[in-house]
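Source: prediction; values computed, not measured. Ligands are counted one by one from 1 in listed order, and the atoms in each one are counted from 1 as well.
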Amino acid sequence: MLQSVIEEADSVFATAQSEEVLLHAKARFLGKAGSVAALMARMREIPPADRPGFGQAVNAAKDRVEALLQHNLLRLRAEARNRDLAGPFVDLTLPGRRAEAGAVHPLRLVERKMLAVFSEMGFEVALGPEVETDFHNFTALNFPPDHPARDMQDTFLTTDGRLLRTHTSPVQIRTMLANEPPIRIAAPGAVYRCDTLDMTHSPNFRQVEGLVIDRAVTMADLKGTLLRFTRGLFEKDLEIRLRPSFFPFTEPSVEVDVQCVFCGGSGCRVCKHSGWIEILGAGMVDPAVLASVGLDAEVFGGFAFGIGVERVAMLFYGVDDIRHFYENDHRFLSQFA
Ligand SMILES: [Zn+2]
């Protein structure tokens with residue numbers, strides 16, 4: 001009887017092909033309801049005089065079953081190790097793959113640079129929503145009802161009658177409505193226009209807008225601010241020139257050229273041999289805009305200017321295709337890390 005339990009355990013343990021199966025079989029023989037415990041329970045059937053001998057025999061059988069279990073546990077571990085060694089070779093001394101660290105996007109770098117220059121000049125950063133009303137984006141900025149910029153081909157309209165702002169200028173309106181002059185803000189942000197993506201255009205790009213409103217602000221203040229801004233931005237003593245232009249929200253309006261950052265004004269391919277590069281639009285705030293936010297144009301005046309972040313980033317880094325900024329190509333982006 002004892003021998004048959006030992007032989008059965010030997011046979012069951014020897015055929016186990018995994019530690020899990022083996023430990024399951026262990027319970028069958030050595031567990032509380034196992035074969036060895038059942039043998040021990042038979043003690044009552046044994047005449048009292050034979051009980052010590054029977055007890056010793058059962059304990060010996062239990063020791064034997066435990067030894068068989070241990071033997072097979074070692075057998076299975078040795079087999080598993082041999083399987084690992086026979087498998088594909090893993091060279092643990094090879095260097096690992098390094099996780100690439102991210103970096104600040106070049107557009108953000110340029111925007112931060114612009115805001116740093118604005119900050120030195122005492123401008124505060126102001127933000128506004130990208131989904132705007134027609135009033136903030138057009139009407140208050142003196143766009144006539146029939147202005148071509150309002151055409152659906154230029155502006156993304158939302159189904160609830162609002163629009164994606166086409167410039168950061170609505171932040172001017174929101175700031176003037178919420179604050180008393182003096183006002184001096186820089187407004188960075190994304191803007192949207194129905195343009196087809198090509199080398200120099202994108203339907204979604206970034207601008208930084210500057211606005212100053214105070215008493216007795218003159219065109220000389222505008223030019224001085226622009227000169228200091230462009231010199232701070234490009235970190236060179238470049239000259240600027242103002243050319244007459246037109247924007248609905250400024251009067252007079254100017255296009256601002258900066259001396260070519262590449263050739264210093266002597267003429268090169270980038271500046272098309274003119275020595276100048278157009279970088280921003282500006283002007284004195286139109287009295288109609290002041291009126292739309294309830295400011296008395298006889299008392300207050302100011303100037304505004306807007307600059308494209310992508311355009312400056314292309315000049316800064318010598319990037320010839322705006323699409324590089326949006327494609328998230330790691331090989332491109334890692335150059336700015
Ligand atoms: Zn040049």
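Counting non-hydrogen atoms of neighbouring residues, nucleotides and ligands closer than 6.0 angstrom, the CD atom of E124 reaches no more than 12 such neighbours.
A side-chain donor-acceptor contact under 3.5 Å links R51 to the backbone of I46.
With respect to R215 and E298, no salt bridge is recorded, no charged nitrogen being found less than 4.0 Å from a carboxylate O. A salt bridge is defined here as a Lys NZ or Arg NE, NH1 or NH2 lying under 4.0 Å from an Asp or Glu carboxylate O, and R243 with E278 meets this definition.
Counting only distances under 2.8 Å, and ignoring water, the protein N, O or S atoms around the Zn ion (ligand 1) are C260 SG, C263 SG, C268 SG, C271 SG.
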For residues 182-191, please give each side-chain donor-acceptor pair under 3.5 Å, one per line with the distance, not counting sequence neighbours.
residue : atom : partner : partner atom : Å
R184    : NH1  : M121    : O            : 3.4

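At least one side-chain heavy atom of L109 sits less than 4.5 Å from a side-chain heavy atom of Y317.
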